[in-house]
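Index from 1, following the sequence. These values consider heavy atoms only, across backbone and side chains, with no hydrogens, waters or symmetry-generated copies.
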Amino acid sequence: RTRARRSGRARSMGRREGRSFMRCSCSSGITGPDQRAPPRCRPDLSDPHAAVVTDPYSALAPGYDAVMAHVDYPFWAAYLQSLLREHHPEAETVVELGCGTGALAVSLQPYGPPPGGYAYRAYDGSPEMVEVARERVRQAGRPVALGTLAFGEPVPGPAADVVVLVYDGLNYLLDLDAVTALLVSVRDVLAPGGVAIIDQSTPANSENHADGFDDAGETDAFAYQRTSRYDPETRLHTTDFVLTLPDGREVTETHHQRAYALDEVQAAAEAAGLAVVAAYDGFEEDDADETSERVHWVFARADDVVEAA
């Protein structure tokens, strides 16, 4: 069992669990709120008779927020802020990886110190998701800088007090070498004394909710059918989205994620030069264990922990 090591007690936010196994990352370069991300090859929808299979989040992006409407991002941001009050109350700068459409960023950024909140940079591997995030940030009037960045690539810009990666982003990396490479990039961008808060979905989540991941619905951008399957032998979770566009064309996105055990993630973190500060069960203040469906890890640079000792 991985036990949380803390100087005090984090405030419990109540048990809420977003079970959907979803998120992604793939390029690099940060832009301000009013600049556009560099172009990337997008799905070719010019042939009305062609069945299109495309990268995760390229076609899903315009309707992603409607598909994920059940996720309470303000609640999630409040929980993360409770962890920051516990583990780094003096934090001023935040880097978010796997930021998606920016829903967490616009909720968490104002919690930073006055007068303007956190100095906040947010990245995602999908340019399409970043474009949606850019519009959200503009409408919210939040000073969040946005960019595209693949997991594991060096994070550009200055070091940050906090790195955040939540909602299963780590699970999109399908082997532990890739997880370690991601965590190395996290360590490298952390300022001395900084912390990283990274969550993961566990095998218990997929096993306990094997019948709870399939659904269908409509958004302004498309109708969708989501089907999901989990292989307990490989711990590979596969989700297919079939999107029907307003003109009748269909686009399919397939998302692959792996459910990792706690000891695997802890070993990858240690190999990356990070130390475990805490591991929380879901959205609670309790210690995570093998029955936890979601784990929020708090990491620090290992050399900071050694110096503090």
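- Ile197 places a side-chain heavy atom less than 4.5 Å from the side chain of Leu84.
- Within 6.0 Å of the CG atom in Asp175, the count of heavy atoms belonging to other residues, nucleotides or ligands exceeds 12.
- Using a 4.5 Å heavy-atom cutoff, the side chains of Thr234 and Asp231 are in contact.
- Arg294 pairs with exactly one of Asp281, Thr202, Asp168, Val166 by the side-chain contact (heavy atoms from CB on, under 4.5 Å) rule, that one being Asp168.
- With hydrogens and angles disregarded, no donor-acceptor distance shorter than 3.5 Å links the side chain of Asp124 to the backbone of Thr148.
- Among the candidates Val164, Val163, Val144, Leu80, the single residue satisfying the side-chain contact (heavy atoms from CB on, under 4.5 Å) test with Val94 is Val164.
- Closest approach of Leu60 and Phe241 over heavy atoms only: CD1-CD2, 4.1 Å.
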Could you walk me through whether Leu165 and Glu96 pass side chain to side chain contact (heavy atoms under 4.5 Å, CB included), step by step?
CA-CA 6 Å; Leu165 168 57; Glu96 182 184 352; over 6 Å; no

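- In summary, the side chains of Thr254 and Asp240 do present a donor paired with an acceptor at a separation below 3.5 Å, with no hydrogens or angles considered.
- Annotation: side chain of Glu131 is in contact with side chain of Arg134 (closest heavy-atom distance under 4.5 Å).
- With contacts defined as side-chain heavy-atom distances shorter than 4.5 Å, the pair Leu183/Phe151 does not qualify.
- Between Trp76 and Tyr167, the gap from one ring centroid to the other is short of 6.0 Å.
- Contact check for Asp287 versus Tyr280: no side-chain heavy atoms found under the 4.5 Å cut-off.
- The shortest side-chain heavy-atom distance between Leu182 and Leu97 falls under the 4.5 Å cut-off.
- Two residues are said to be in side-chain contact when any heavy atoms from C-beta on lie closer than 4.5 Å; Glu264 and Leu176 meet this criterion.
- Contact of the His255 side chain with the Tyr57 side chain is registered, since non-hydrogen atoms from C-beta on lie closer than 4.5 Å.
- Ring to ring, Tyr118 and Tyr111 are not that close: their centroids are 6.0 angstrom or more apart.
- In the displayed structure, Glu218 atom CD is contacted under 6.0 Å by at most 12 heavy atoms of other residues, nucleotides or ligands.
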